[in-house]
Amino acid sequence: MNDDMKMLLAQKKMQIKIKQKRAEIQQYQEYFAKNIEQFIQKYRFADETEVIKIEKFISKLNFVQPGQLAVQENCPYSHRNVYLCFLLGADALFQIYIFGKYDDIMRDYDEWEVFSPYLLLVDEDFIHYVYMNDDGALIESQVI
């Protein structure tokens, strides 16, 4: 096989992988929208600009060991909007960020836990975040 054919084949493989990943993300999004009660009224998926901000924010975090989110009402930001970020699970989950009220996200925790017991809540100010580590310690902090 000549070099041009190899390069074309590599490009086609990459395109197929991208399409498969998008389809997997779409399947998760459809599942959430269909199976979580009043999803459309309570939540929305982060847009491209927000995704960039969230990914930049997460890249600044230095997790000792992310753990199960058992925060419940311990968060001082419970009245605010947050982004729900999955920290474990299928690759597609790492690219799905759900925006909604902290209280609503915690009420639907059983639905999120099915896909990942390791969750991070990023405040809409992109400074504060909260998660529970494996030792049961509530981690509330901020990135400056």
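We count residues from 1, following the sequence as given.
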Check your understanding: Just wondering, more than 12 heavy atoms not from K42 lying within 6.0 Å of its NZ?
Key -> yes
Check your understanding: Knowing that exactly one of Y43, F57, F126 qualifies, which makes a ring pair (Phe, Tyr, Trp, His ring centres under 6.0 Å) with Y83?
Key -> F126
Check whether any side-chain heavy atom of [X] sits under 4.5 Å from a side-chain heavy atom of [Y], and report yes or no.
X    : Y    : answer
I96  : F32  : yes
E113 : L119 : no
V51  : T49  : no

From [atom1] ([X]) to [atom2] ([Y]), nearest 0.5 Å:
X    : Y    : atom1 : atom2 : answer
D104 : I98  : CG    : CD1   : 12.0 Å
H128 : L121 : NE2   : CG    : 14.0 Å
M14  : I16  : CE    : CD1   : 11.0 Å
L9   : D4   : CG    : CG    : 12.5 Å
E124 : R80  : CD    : CZ    : 6.0 Å
F45  : Q95  : CZ    : CD    : 13.5 Å

Could you pull out the closest heavy-atom pair between [X] and [Y], with the gap in Å?
X    : Y    : answer
S116 : L87  : OG-N, 3.9 Å
A90  : Y28  : CB-OH, 3.2 Å
W112 : I105 : NE1-O, 3.0 Å

Check your understanding: Can you hop from L84 to I40 via hydrophobic side chains spaced under 4.5 Å?
Key -> yes
Review point. Do I58 and I52 share a hydrophobic cluster (ILVMFWY, side-chain heavy atoms under 4.5 Å, transitive)?
Key: no
**Study point:** Contacts of type side chain to side chain donor-acceptor pair (under 3.5 Å), residue Q26, not counting sequence neighbours
**Key:** E30
Practice item. Could you pull out all residues at least two apart from D47 that satisfy salt bridge (Lys or Arg N to Asp or Glu O under 4.0 Å)? Key: none
Practice item. Report the C-alpha separation of D108 and E37 in whole Å, then their side-chain angles, then the decisive distance to 0.1 Å, and conclude whether the side chain to side chain contact (heavy atoms under 4.5 Å, CB included) test is met. Key: CA-CA 9 Å; D108 292 330; E37 191 174 321; 5.7 Å; no
Review point. Could you go step by step and tell me if M7 and Q11 meet the side chain to side chain contact (heavy atoms under 4.5 Å, CB included) rule?
Key: CA-CA 6 Å; M7 190 162 48; Q11 288 174 346; 4.2 Å; yes
Point to revise | Stacked cation flag R44 on F99, 6.0 angstrom / 45 deg | key: yes
Point to revise | Evaluation steps, ring pair (Phe, Tyr, Trp, His ring centres under 6.0 Å), between F86 and Y97 | key: CA-CA 8 Å; F86 296 95; Y97 306 107; 8.7 Å; no
Study note, to complete from the structure: Residue set satisfying side chain to side chain contact (heavy atoms under 4.5 Å, CB included) with D91, at least two apart, ordered chain then number -> K21, F94
